[in-house]
Structure formats: C-alpha cells, structure tokens
Protein chains: 2
Amino acid sequence: MASIKDVAAEAGVSVATVSRVLNDHPSVSPAARTRVLAAVEALGYRPNAVARSLRTDQTHTLGLVISDVLNPYFTELARSVEEEARALGYSVIIGNADERPELQDHHVRTLLDRRIDGLLVSPTDGGSPLMLDAARGGTPMVFVDRWIPGVDVPVVRADGRAAVRDLVAHLHGLGHRRLAIIAGPAATTTGSERVEAFREALREYGLPLPDTYIGQGDFQAASGRRVTEEFLGLPEPPEAVFAADNLMALGALDAIRARGMRVPDDIALAAFDDIPWFVHTDPPITAIAQPTPELGRAAVRALVDRIEGRPPQSVTFAARLVVRRSCGEPAATNVTR
Amino acid sequence: MASIKDVAAEAGVSVATVSRVLNDHPSVSPAARTRVLAAVEALGYRPNAVARSLRTDQTHTLGLVISDVLNPYFTELARSVEEEARALGYSVIIGNADERPELQDHHVRTLLDRRIDGLLVSPTDGGSPLMLDAARGGTPMVFVDRWIPGVDVPVVRADGRAAVRDLVAHLHGLGHRRLAIIAGPAATTTGSERVEAFREALREYGLPLPDTYIGQGDFQAASGRRVTEEFLGLPEPPEAVFAADNLMALGALDAIRARGMRVPDDIALAAFDDIPWFVHTDPPITAIAQPTPELGRAAVRALVDRIEGRPPQSVTFAARLVVRRSCGEPAATNVTR
DNA sequence: TAGGCGCATGTAATCGATTCCACGAGGAGG
DNA sequence: CCTCCTCGTGGAATCGATTACATGCGCCTA
C-alpha cells in the first residue's frame, strides 16, 4: 500500500508538501498541488488513518455501546446514530452488550483502547467502575435512552411519563381496572422509571398496583413469556398487561396465545417502544413510541459538541401513545397508524 | 492518558522491557515483570491500540459490510459475526449499506483507510470498482450470504435450492397451482438465485411461471406491498406468494390485509429467511430458514484463516423449510415450531 | 582461568502521518 | 540598493508502540 513517502517521491516534493495538499493547507503553490494530486491518483493513494490518528490524537470515531442489537429499537437507534455521525464526519463503532454488564465493559475497554473520540452509551446496569472512571476521567460521553444517575454526563432520552398516563387513561376508558406491568431490570433507568410512571398514573385513577401485578423481566422475550404466564395463573389475572419493551411484549403475546386466549377480547396488551412489526401482528399492538431517530441524532450532536469543545446539552423528547387495537376499540380521536 | 514511557519511568526500566512484559516475551526477569505490572496497575495504563497497529500493521479488526441493519436477518448475522470474532481475538466494525451501493462503497473505503485486517461483505450490487480492486489487491475478504461472481473470494452462504423445492412441493400438496414470487434485485445473487430455484422447482411440477407472477422488489417492505397489490389486481391473481426476504413478506401481509383478505384462506404466503417475529404474526408464517449464526461463524473463521495465512474455505450450508400455517394446514410429518 | 554462551536489558530505528521551524526567493517600500 | 515581509518549501521532531541489535553480566566448560 502506497504511503505518503511514495506520493512525495512520485510528485517530486517533500512529504510535508503532500500532507499540506491533503489537508488543504493554504500555502501550497498551484503547481505543486497539481503534481501531488496527480501522484495520489496514479498510485491510488489513501492516507493511513491509523498513522494520522496517532499523530493528531483524533480518530474521528464514536463508540456506541447498546444493550441489545436484536432489539429493533436499538438497531433503529444505531442506524440514526451512524447516519448523523457520518453527516458530521465521524464513523461509528457499535458494541453490543447483549444486556450483559461484563460484555458492556469489554466493549467500553476496547473502544477506549482504540482511542475513540467519544462514547455513546445506553447502559445495561448501574455503571461499572470502568465506565465511571472513563466518565470522570474526561472521556467525552453521552448517555442515550438509559442513563446512570449521579454522573456528570449529558443524557438524551425520551420521557414516557405523559404517554404512560395517556395509556392508563386509554385503558381506563375502555373499562380495564386490573392493570399489570412487565418491568425491566431495576438497575436500568428505563427499567425503574417505567414502573414508577405506571404506578403514578394508576394512583391518579385510584387504581391499585399490587406486587403480584409487577412482573420482573429483563427486556428479553423469554422473560415476557414467563411473567405473563405467572399473571395468567393468578386467581384474579389482570385485564391488561403493559410490557416495558417490545421484546417482552412479544413474549407476552406468545404466552397469551399459548393459553388459547385472544387479544384484546380476553386480555389487553400494550408495550413501551413502538416498532414496525407491531403494525403487522394480529391484533396490531398499542404502543408508546419514542422519536428514536431524533434521539440518535440529538445524542450524536451532543457528543460531537462535547468533543469539539462546545457545551453539550441534555435533551429530553416526549414519547407518545400510538393507539392500535390490542387494548380494545380505539376512540375516534386517537392516533392510529 | 499514560503512555508506555510513563510506565517505564514509574517502574524504573526501559520502554522495551515494558513492551516485553505486556506481550509476554520470555526473556524478562521476574523482578522486572513484577515492577512493570505494578506500574501498569498504579497508572491505570492501557496500551494505545492505534500506536500498536501502526507499528505491527495489524489492527485485529474485521470490517463487516451488511446490506441493511433494519433487517433482522442481518442483525442476527452481525451478532454471530461479532461473537465469533471476539472469541478469536478480533473486533468488528459494522458498516450498514442500506441497500445503497454508494453507501457500501463509503464504508468499504473508510474500513480500508482504517487498515482493518479483513473484510466481510454481503454485497448490495454486482461489485463496484473499489471493492473489486480491494479483492484483487490482496485485502483478505470473504463474502457472506450474497456474493459477486467472477472474483476469487471465498463465499459462505446457504443454498436454498432444496428448501425452495420443498416449499413448492408443500404448496403443490396443499392444492395451490398458481404460484408467484416477489424477487429481490437481480444485481444481487440472492435476488436472482431465489427466482431461479423457484422457477426450476415449478418446472419439476409442470407449473408455469408467467412474467406477471414475477414481481420485482428491492428487499424492502414497501416493495413487497407494491408488488402484492399488483398481484392482487391481476385478472387471475396467484393462489400463493413467495417473498424472497422477510421484509417483503411483511409488506405482502400488509397488502393482503388491506384488501380484507385472509392468509392462508384467501391466499398463501411464504418467505425466504426465517425470523423470530414470524412465529408471532397471525398466521405464523411458513419460511425458509438459513442457519444464520452458523453462517456468521463460518464466515469469520474463513476470513481469519485467510488473514492468518491458512487457506480459507468456501462453505455452503443447507437452508430448510419451516412449515407454519400461512400456506394452509401443514401435513403431520412436517417440522413446525 | 579464559572463552563462550545465554539471559536480561537498553538504545535506537521504525511504522505513516502532521506540524514546527528554518530557509531561500521574490516583491514592496524606504 | 538595502531591508523586511510573505510565501512556498523541506528537514526533522513527534505521536506510542514494537523489535533488531548491542551490551554487559554471570556461569559453565575445557
């Protein structure tokens, strides 16, 4: 592979001049510039990003550590992150933690070893020493979707509180009174917040939330299935189930079908995180939609601001309820798609 | 960030000794080793992968360029690729081409600039000059799922021919005679091969495949919807539709429902590529399943073999038919899950 | 006891870029 | 005509690692 020296030799100039041409430094004569560009062309030269990074101490690369690539919510997030980063001149390296803290640490470590310019994280847990050290040690960092309390890192996320209240109103309006939730791990913010929002909304309607109606899941389909089976086995099973993410909702759907029951006739179902597939299931599933692409874009912008010395901003978007048919017939005024 | 020099100073040895300890070179005294390790610990030193790569000309990184991250088939592939690579001591950088050749080229270019050790590609097209040059220029490369004919690059893929024949037999056995296909782009091998296999299987059963029953899709849901609408608008619509990937199948499902028709009563539907969601749709969709994780693992092994100087092997797996309910009642002997 | 061998270690070159500094040529101004 | 400034250019240091080569020491053997 041709190096800058080869180009310099071919063009009959010094490596310094070649470098200047490549970084369009102003003080290069037109003649030299032409010769260098011709040499670059002739040799098919491409600058070695590794060498460049070593010298400049910049990789123009962002790390993105997500909790689960198999979850469509996160792939959509990853896609928008990459898109925005590319627009701003950065590449993205994705690390998939599979909801496992030690795998998350592995990725954080290798990303730091590669000297990425900044880190975008959706933590699977309350924060390992490694990640906390990195944050405190000055690695530009932004949390997206989930975050870790008590760390001075900007957070880009969606607030589902209002949408959860809308959902409870919707369920209440349809006559449902016994509402249950399949929660995510309490160590994650999205795990605990969604339960809190749900509990609060129920209180507004004077509805109870007994412990038996709070199932402990782990954001994976299997846990949704298990928890739903437990719900259905109760002496007084819930009339509606709210899953804190889309994978657990599908697990729930599965468990309900396995019992020969129908949604929404026998039991209502709703999910946090809307995904394209929810339109295609039978029945289409009512869900709380985050503006996922906007989240990704805002997170990248915040991180790049931080990297390039501008003050980064935490951003909170609003999630919104998308009513479909899985809780019963929608009122005419509600959004359907 | 501490460098090897700082460690050397702290431990009172030269950088060479530090390097030897880190790469466990045999000839280092136990005393020196201990002092170095203590210094590493004290400073929280981590070797700079950028500098190391520059010197050794190895990045221990593989590039993976896939056609569409939003397609669950590819995310599953990406996951298994990363897993196997990690087991072999490599990291993976994923580039998403979004089925756009120019984006594919962008990713190939930046990956090469980063001097990745090898490239795993599922090409979106017949091969750009850039990719062909890279392949011929000696960049270790392996094609996975899709490939480009006429290039000397190992291919790891699944052969769907037998499974497609099984599918046609299944459809024929259920009494369907007018079978149609939603094809992928002809520039991709999976696009053309699946049509060919289908055509051949139909011929075995003496069934025709008129041009009106070959819809041209692009592996995205919208195209599946459009093509299906065209099918349904024909004077004599097909009795069964076979979508060449999962996203187009969902588009088809959508179009069928929009007409108020039911699967499989009014029309049968099957898809290439099985995904977890197909179990949850109503009805569950009959599909041709590739051993996706095995594909990813084999591709990584082939690529790493090539990188480390062992002869790489092309591998072809068999795809298999998974019968569910979207074509009609399954025969008792067929696999269901 | 001298020669030789091997081990532990250090010095310095090297990878491919960027960039500071010095230098020479040429033009402007006094 | 001399001085000074600007512009284009090249030499060389530098980033942080790896590694070939040199060196010195201790020990074994003849």
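All of these numbers come straight from a predicted model, not from anything done at the bench. So you know, we letter chains A, B, ... as the sequences are listed, proteins then strands, and number each from 1.
- Legend: residues meeting side chain to side chain donor-acceptor pair (under 3.5 Å) with B/Arg55, ordered by chain and number and at least two apart, are absent.
- For the residue pair B/Thr61 / A/Arg114, a side-chain donor-acceptor distance below 3.5 Å is found, with atom types taken as modelled.
- Heavy-atom neighbours of B/Asn23 CG from other residues, nucleotides or ligands within 6.0 Å: above the threshold of 12.
- Atom CZ in B/Arg35 sits about 11 Å away from atom C1' in C/dT9, given to the nearest Å.
- If you measure from atom NE2 of A/His25 to atom P of D/dG10, you get 13 Å, rounded to the nearest angstrom.
- The distance between atom CG of A/Asp113 and atom P of D/dG16, rounded to the nearest whole Å, is 14 Å.
- Among the heavy atoms of the strands lying under 4.0 Å from B/Val13 are primed sugar atoms or P, OP1, OP2 only; no base atom is included.
- Taking atom CD on A/Gln58 and atom C1' on C/dT19, their separation rounds to 14 Å, with Å as the unit.
- In this structure, B/Asp6 atom CG and D/dC15 atom C1' are separated by 13 Å, rounded to whole Å.
- For the OP1/OP2 pair of C/dT9 and a distance below 4.0 Å, the side-chain nitrogens and oxygens of B/Ser27 include no atom meeting the criterion.
- For the pairing with B/Leu120, the side chain to side chain contact (heavy atoms under 4.5 Å, CB included) check across B/Ile66, B/Val300, B/Ile94 returns one residue only, B/Val300.
- Between the CG atom of B/Asp57 and the P atom of C/dG16 there is a distance of 7 Å, rounded to whole Å.
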Classify every nucleotide of nucleotides 17-25 of chain D by which part a protein heavy atom approaches to under 4.0 Å, writing B for the base, S for the sugar-phosphate alone and - for neither, in 5'-to-3' order.
BBBB-----

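- In this structure, A/Leu54 places its CG atom 17 Å from P of D/dA13, rounding to the nearest Å.
- A salt bridge links B/Glu294 with B/Arg297; the closest basic N to acidic carboxylate O contact falls under 4.0 Å.
- Of the candidates B/Asp133, B/Leu112, B/Val108, B/Leu112 is the only one forming a side chain to side chain contact (heavy atoms under 4.5 Å, CB included) with B/Thr139.
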